[in-house]
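All values reported here derive from a predicted model rather than from experimental measurement. Residue numbers run from 1 in the order of the sequence given.
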Amino acid sequence: MAVRHYTLDFKLSAPADIPATVRGVQSIFQEQEVTETVHDTEGHGYLATFIGKNGRFGVFRVHSHGLVTFDLQCCQGDDIAQVDNLLNALEKKMKTLFPGRIKRVKRLPALRRGDEVDCYWPTADGRLVEYDIDEVVYEEDSTYQNIKILHSRQFGNILILNGDVNLAESDLPYTQAIMGSGRENYAGKEVLILGGGDGGILCEVVKLKPKMITMVEIDQLVIDGCRKHMRKTCGNVLDNLKGDCYEVLVEDCVPVLKKFAQEGRTFDYVINDLTAVPISTAPEEDSTWEFLRLILDLSIKVLRPTGKYFTQGNCANLTEALSQYEEQLGRLSCRVDFSKEVVCVPSYMELWVFYTIWKK
């Protein structure tokens with residue numbers, strides 16, 4: 001059974017008179033017919049828990065530095081009007097107790113915990129986002145990762161790999177950015193896509209009449225899920241692993257890149273759309289940075305002298321990680337130069353950095 005977690009905070013302009021505050025709000029809790037337990041905080045304010053007959057559980061705390069907090073957990077199906085009445089009564093009482101001394105009152109929408117459909121996913125920089133998700137349309141555990149496709153009323157179906165939001169049907173700006181934002185001429189060119197199991201890049205590049213696209217995706221179950229449930233993104237390109245101008249190889253890209261390098265096979269464009277957390281069967285994957293540098297080095301080796309390498313970077317707020325990535329570019333087997341572009345990806349709810357890299 002799911003629960004709802006309500007929070008109500010009061011930021012005071014000065015520390016509260018704890019005994020007076022407790023006496024002032026006790027009538028609110030007594031009306032709820034709850035069992036009160038006061039806990040020893042060893043001089044750090046006041047803490048009491050309340051258990052109601054209907055399964056409600058509350059935590060009321062007066063912090064010594066001037067913050068008063070109330071947390072309330074209710075079972076799903078509890079009377080929402082009664083819960084609102086309790087929170088409203090507590091807020092009104094606090095305003096009466098501290099006229100003109102409350103700097104801020106913060107009441108958040110209830111956190112839904114234990115729901116059948118999980119709607120909370122973190123951004124890359126650690127902020128929690130609540131999505132308007134109403135359905136799990138696909139979920140599988142492959143050899144490599146957990147795969148979910150969830151439906152959002154705002155963003156359409158969203159592909160989530162190992163808890164990381166990868167791409168939604170709304171996210172054409174991501175696909176356009178990782179292809180060069182319309183500045184490139186793909187007609188008659190040879191293109192290598194690393195990852196990209198959602199089919200978005202493949203679908204968009206096919207429209208530009210390239211000579212040949214080779215896509216290397218390690219996880220067949222990602223392809224299967226997106227073929228059925230992400231068709232606004234992939235169109236029909238994943239219906240077959242071979243088309244007039246493309247071929248999808250369901251393999252680990254590391255040995256494929258090594259093979260191409262040994263054979264002297266080269267491409268006009270290499271587009272790296274691998275997941276943020278490296279997935280590979282190769283032994284070189286000792287760390288994320290070593291893996292990224294390996295992919296970069298191998299990709300540059302199969303890039304033609306006038307070719308370009310496109311890749312996603314990270315959230316624009318993660319400046320340290322982006323700097324570290326750019327440091328890796330100076331450690332490659334050949335000298336490269338780069339440019340970057342910041343794009344708003346709708347379902348990420350954050351700005352994202354994309355890189356274009358080429359040989360000097």
Would you say CG of L249 has more than 12 non-hydrogen atoms from neighbouring residues, nucleotides or ligands within 6.0 angstrom? yes
Heavy-atom donor-acceptor pair, D118 side chain to Y120 backbone, under 3.5 Å: yes
Can you say whether the rings of Y325 and Y355 are parallel (under 30°), tilted (30 to 60°) or perpendicular (over 60°)? tilted
Check whether any side-chain heavy atom of K228 sits under 4.5 Å from a side-chain heavy atom of I149, and report yes or no. no
Sorted by chain and residue number, the side chain to side chain donor-acceptor pair (under 3.5 Å) partners of T356 (sequence neighbours excluded) come out as none
May I ask you to decide if the ring planes of F354 and Y174 are parallel, tilted or perpendicular, using 30° and 60° as cut-offs? perpendicular
Same apolar cluster: I18 and V68, side chain cutoff 4.5 Å: yes
Following the transitive rule for hydrophobic clusters with a side-chain heavy-atom cut-off under 4.5 Å over Ile, Leu, Val, Met, Phe, Trp and Tyr, establish whether V336 and L296 coincide in one cluster. yes
Sequence neighbours left out, what passes side chain to side chain donor-acceptor pair (under 3.5 Å) with D244? Give chain and number order. none
Less than 6.0 angstrom separating the ring centers of Y269 and Y186, yes or no? yes
Does some side-chain heavy atom of S299 sit less than 4.5 Å from a side-chain heavy atom of L257? yes
Under a 4.0 Å threshold between the charged nitrogen and the carboxylate oxygen, would R293 count as salt-bridged to E290? no
Report the relative orientation of the aromatic rings in H65 and H63; use parallel for angles under 30°, tilted for 30 to 60°, perpendicular for over 60°. tilted
L90 vs V25 side-chain heavy atoms within contact, under 4.5 Å: yes
Set of residues satisfying side chain to side chain donor-acceptor pair (under 3.5 Å) with respect to H151, sequence neighbours excluded: D134
Give, for atom CE of M212 and atom OH of Y246, the distance between the pair rounded to the nearest 0.5 Å. 9.5 Å
